[in-house]
Amino acid sequence: MKTIKIPYTCNDPLYQDHLHDLQQIQSSVYRTAYNQASDGLAEIEIRGICRDRFPEVDSWIVQSAVRKGIGQFKADWESAKSKNQEFTRKRIFGGKKNFFRRVKGLISNEEWKELRLENLYLIGESALFGNRKFEFNTDSIIFKPAKGFRFELVLPELHGVYSRDYLNLVELTAKKLIPVTISLNKNHIFLSYDEALIQ
């Protein structure tokens with residue numbers, strides 16, 4: 001799996017607040033999924049809990065966060081197992097160092113909440129032009145978080161390997177030949193894909 005990181009700009013005045021709200025909700029879904037997985041619940045049960053708890057959010061945004069949370073739990077469990085350690089739920093979302101800074105009053109509650117924000121994460125699907133929430137163009141990516149919302153993420157001029165890889169993604173997603181999983185914050189978009197499919 002290869003990931004390319006690209007800076008972008010969006011001139012829509014609604015965009016930053018909309019993205020921030022989605023990040024807050026999806027971060028909560030991610031933490032819920034992780035904790036429920038560590039309690040032994042199956043994915044279908046976790047998905048039901050998260051959909052009930054966050055009914056206002058698009059189901060694919062919830063599903064992507066559920067998969068990410070379960071995946072992170074499994075990775076932590078496997079890591080503990082490989083070190084012959086007993087797995088205990090010790091993950092501190094936002095980081096242990098920042099948690100103790102909050103406890104000591106060195107950062108505000110608002111700063112702590114921001115540090116706990118995850119990038120918006122959306123799993124790719126080749127049959128839906130790479131990713132159902134994004135449309136890939138040569139100089140921009142259209143983000144479609146929900147019905148009635150379309151945000152143009154303008155990309156800088158890309159050079160060298162970045163340009164080659166991105167233009168290959170544009171071509172292959174248009175032909176429904178490659179899934180592209182996307183992670184997104186207010187400054188950067190991360191495109192993850194199987195490099196073998198590009199080659």
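All values reported here derive from a predicted model rather than from experimental measurement.
Considering CG of Leu153 and CG of Leu184, their distance stands at 6.5 Å, rounded to 0.5 Å. How far CG of Asn187 is from OG1 of Thr9: 10.5 Å, rounded to the nearest 0.5 Å. The line from CG of Asn119 to CG of Asn185 is 4.5 Å long, rounded to the nearest 0.5 Å. Atom CG of Leu169 is separated from atom CG of Asn131 by 11.5 Å, given to the nearest 0.5 angstrom. How far OG1 of Thr173 is from CG of Asn168: 10.5 Å, rounded to the nearest 0.5 Å. Interatomic distance, NE2 of His188 versus NZ of Lys5, reported as 4.5 Å (0.5 Å rounding).
Pairs engaging residues 11-31 under the ring-ring contact (aromatic ring centres under 6.0 Å, His included) rule: Tyr15-Phe151, His18-Phe149, His18-Phe151, Tyr30-Phe93 [sequence neighbours left out].
By the 4.5 Å heavy-atom criterion applied to side chains, Val66 and Glu43 are counted as neighbours. In this structure, Arg164 and Val161 have side chains that are in contact, with non-hydrogen atoms separated by less than 4.5 Å. The closest side-chain heavy-atom distance from Leu128 to Trp60 is not below 4.5 Å. Within the 4.5 Å cutoff, side-chain heavy atoms of Ile123 are placed close to those of Thr181. Between Asp58 and Lys133, some side-chain heavy-atom pair lies under the 4.5 Å cut-off. Side-chain contact check for Arg150 versus Glu135: some heavy-atom pair is nearer than 4.5 Å.
By the side-chain hydrogen bond (donor to acceptor under 3.5 Å, both in side chains) test, Glu171 pairs with Lys175, sequence neighbours left out.
Counting all heavy atoms, side chain and backbone alike, Tyr166 lies closest to Thr138 at CE2-O, 3.7 Å. Contact detail for Gly69 and Ala33: the closest heavy-atom pair is CA-CB, 4.1 Å. Nearest heavy-atom pair across Tyr193 and Pro179 is CB-O, 3.8 Å. The two atoms that bring Pro7 and Pro156 nearest to each other are O-CD, 3.0 Å, heavy atoms only.
Within a 6.0 Å radius of CG in Leu14, other residues, nucleotides and ligands contribute more than 12 heavy atoms. The local environment of NZ in Lys74 is sparse, with at most 12 non-hydrogen atoms from other residues, nucleotides or ligands closer than 6.0 Å. Around atom CD of Glu157, no more than 12 heavy atoms belonging to other residues, nucleotides or ligands sit under 6.0 Å away.
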**Report entry** side-chain contact (heavy atoms from CB on, under 4.5 Å) assessment of Tyr34 paired with Gln36
**Finding:** CA-CA 6 Å; Tyr34 183 97; Gln36 297 293 337; over 6 Å; no
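Remark: of the listed residues Lys186, Gln23, Gln26, Gln23 is the sole one forming a side-chain contact (heavy atoms from CB on, under 4.5 Å) with Leu117. Shown are Gln72, Arg31, Lys68; of these, the side-chain hydrogen bond (donor to acceptor under 3.5 Å, both in side chains) with Glu118 is made only by Lys68.
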